[in-house]
Amino acid sequence: MNGNVVDIKDRSKKTGRIVGGIAVAIAAIIVVASSAAVVPTGSTGVITTFGKVSEDTYSEGFHLKIPLAQDMVIISNKIQVYETDASAVSKDLQTVNSKIAINYRVKADSSASIYKNIGPDYESVILTPAAQESMKSVTARYTAEHLITQRNTVGEEIKEMLETKVSEYGIQIEKFNIINFDFSAEFNAAIEQKQVAEQNKLRSETEKEQKIIEAQADAEKVKLAAEAQAESIKTKAAAQAEANKTIAESLSPELIQYQTIDKWDGVMPKVASSASPLLMIDVDEQEQQSSDK
């Protein structure tokens, strides 16, 4: 009978040791797990000890912390994009509704300070009011029309002012963009009318310039034609003068007398003059013919 008796107390002790071992193992796992800390790439680990923020932070990679006593908060140091609507009034009292985009990042060495003094919601606490104030301040320096034509300059001024306001907290502004400006319907209509008027003016000036160019071209054609004609007349006159010179140099009294006789039609002129050799020759010839008879 004794061989079949089971010692319940002994079994209970064994079970207790097993359960205790399992509990210790689980506790050990929990302790080890809670002591491990991994900081992702582009982030900073802010350590709190019983809720108190430590000045020391963890960089990227694997770290150990005091289990149960310390916690780690991840603060991203990557560039983040923040978009919001902003309302302002221009220099000429036009209401301007804008949509802006801000590229920013939290500096790694300011992560603990931002978490301690501001908390994780630093966008709404710091960035939003600073962006709104900068937008209002710079917009008031420009007329509505200049806000459109000098958009890049306006954006740079807002970025500079925004940087001044948030840099002391450890926030760095990488880029500032004005996505769009939106004005009242009346102002948009006035701008459209002005653009139409400018286009009509430009068209008229272009047509006027075209007519001037055409008139100058016509005048140039006339000038060129006149110069060409004058050059032609000059050339002909030079050629004629050269011909006359050649003829004059080739003439002789005998040649002149020969040509005169050759062209005489046999009719005596009514007026005779001793200055004409032809007439003198004719008279002598007639007297000779009379004496022969």
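No donor-acceptor pair closer than 3.5 Å links the side chain of Ser232 to the backbone N or O of Ala228. The backbone N or O of Gln70 lies less than 3.5 Å from a partner atom in the side chain of Lys65, making a donor-acceptor pair. In terms of modelled atom types and a separation under 3.5 Å, the side chain of Thr143 and the main chain of His146 share a donor-acceptor contact. Between the side chain of Glu60 and the main chain of Gly42, a donor-acceptor pair closer than 3.5 Å is present. Side chain of Lys136 to main chain of Ser87: a donor-acceptor pair is present (N/O by atom type, distance under 3.5 Å, no hydrogens or angles). A distance-only check finds a donor-acceptor pair linking the side chain of Asp92 to the backbone of Ala144 [under 3.5 Å]. Proximity of a side-chain donor or acceptor of Ser111 to a complementary backbone N or O of Ala108 within less than 3.5 Å is detected. Of the possible polar contacts, none joining the Ser110 side chain to the Val106 backbone as a donor-acceptor pair under 3.5 Å is found. Looking only at distances, a side-chain donor or acceptor of Tyr58 sits under 3.5 Å from a matching main-chain atom of Leu64. Of the possible donor and acceptor atoms, none in the side chain of Glu174 sits under 3.5 Å from a partner among the backbone N and O of Gln80.
The distance from the CD1 atom of Ile79 to the CZ atom of Arg105 is 7.0 Å, given to the nearest 0.5 Å. Here the straight-line distance linking atom CG of Asn180 with atom NZ of Lys99 works out to 8.0 Å at 0.5 Å rounding. Annotation: the span from Thr84 atom OG1 to Ile102 atom CD1 amounts to 7.5 Å, rounded to 0.5 Å. With rounding to the nearest 0.5 Å, the separation of CD1 in Ile75 from NZ in Lys107 is 16.0 Å. Annotation: the span from Ile158 atom CD1 to Ser98 atom OG amounts to 7.5 Å, rounded to 0.5 Å. Here Met161 contributes atom CE and Ile173 contributes atom CD1; the two are 13.5 Å apart, rounded to the nearest 0.5 Å.
The local environment of CD in Glu214 is crowded, with over 12 non-hydrogen atoms from other residues, nucleotides or ligands closer than 6.0 Å. Residue-environment remark: OH (Tyr169) stays at or below the threshold of 12 foreign heavy atoms within 6.0 Å. The environment of Lys175 atom NZ is sparse: at most 12 non-hydrogen atoms of other residues, nucleotides or ligands sit within 6.0 angstrom.
Between Val39 and Met72 the shortest side-chain heavy-atom distance falls below 4.5 Å. Side-chain atoms of Ile171 and Ile114, non-hydrogen and from C-beta on, do get closer than 4.5 Å to each other. In this structure the side chain of Asn97 never reaches within 4.5 angstrom of the side chain of Asp85, judged on heavy atoms.
The same ILVMFWY cluster, assembled from side-chain heavy atoms under 4.5 Å apart, contains both Ile178 and Ile148.
When all heavy atoms are compared, the tightest approach of Ile74 to Gly45 is CD1-CA, 4.4 Å. Heavy atoms only, all atoms of each residue included: Ala112 and Ser54 are closest at CB-O, 3.9 Å. Of all the heavy atoms in Ala131 and Leu162, the pair that sits closest is N-CD1, 3.5 Å. Closest non-hydrogen pair, Ala130 versus Lys165, comes out as O-CD, 3.9 Å.
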Audit row: Leu147, Gln94, side-chain contact (heavy atoms from CB on, under 4.5 Å) steps and yes/no: CA-CA 11 Å; Leu147 288 174; Gln94 292 291 333; over 6 Å; no
Criterion side-chain contact (heavy atoms from CB on, under 4.5 Å) on Ile47 and Asp56, from CA distance to verdict: CA-CA 7 Å; Ile47 302 300; Asp56 296 328; over 6 Å; no
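For residues 73-124, no residue pair satisfies the ring-ring contact (aromatic ring centres under 6.0 Å, His included) rule, not counting sequence neighbours.
Between Lys159 and the options Glu156, Glu157, Glu163, a salt bridge (Lys or Arg N to Asp or Glu O under 4.0 Å) holds for only Glu163. Of the candidates Asn77, Thr57, Asp109, Asn77 is the only one forming a side chain to side chain donor-acceptor pair (under 3.5 Å) with Thr44.
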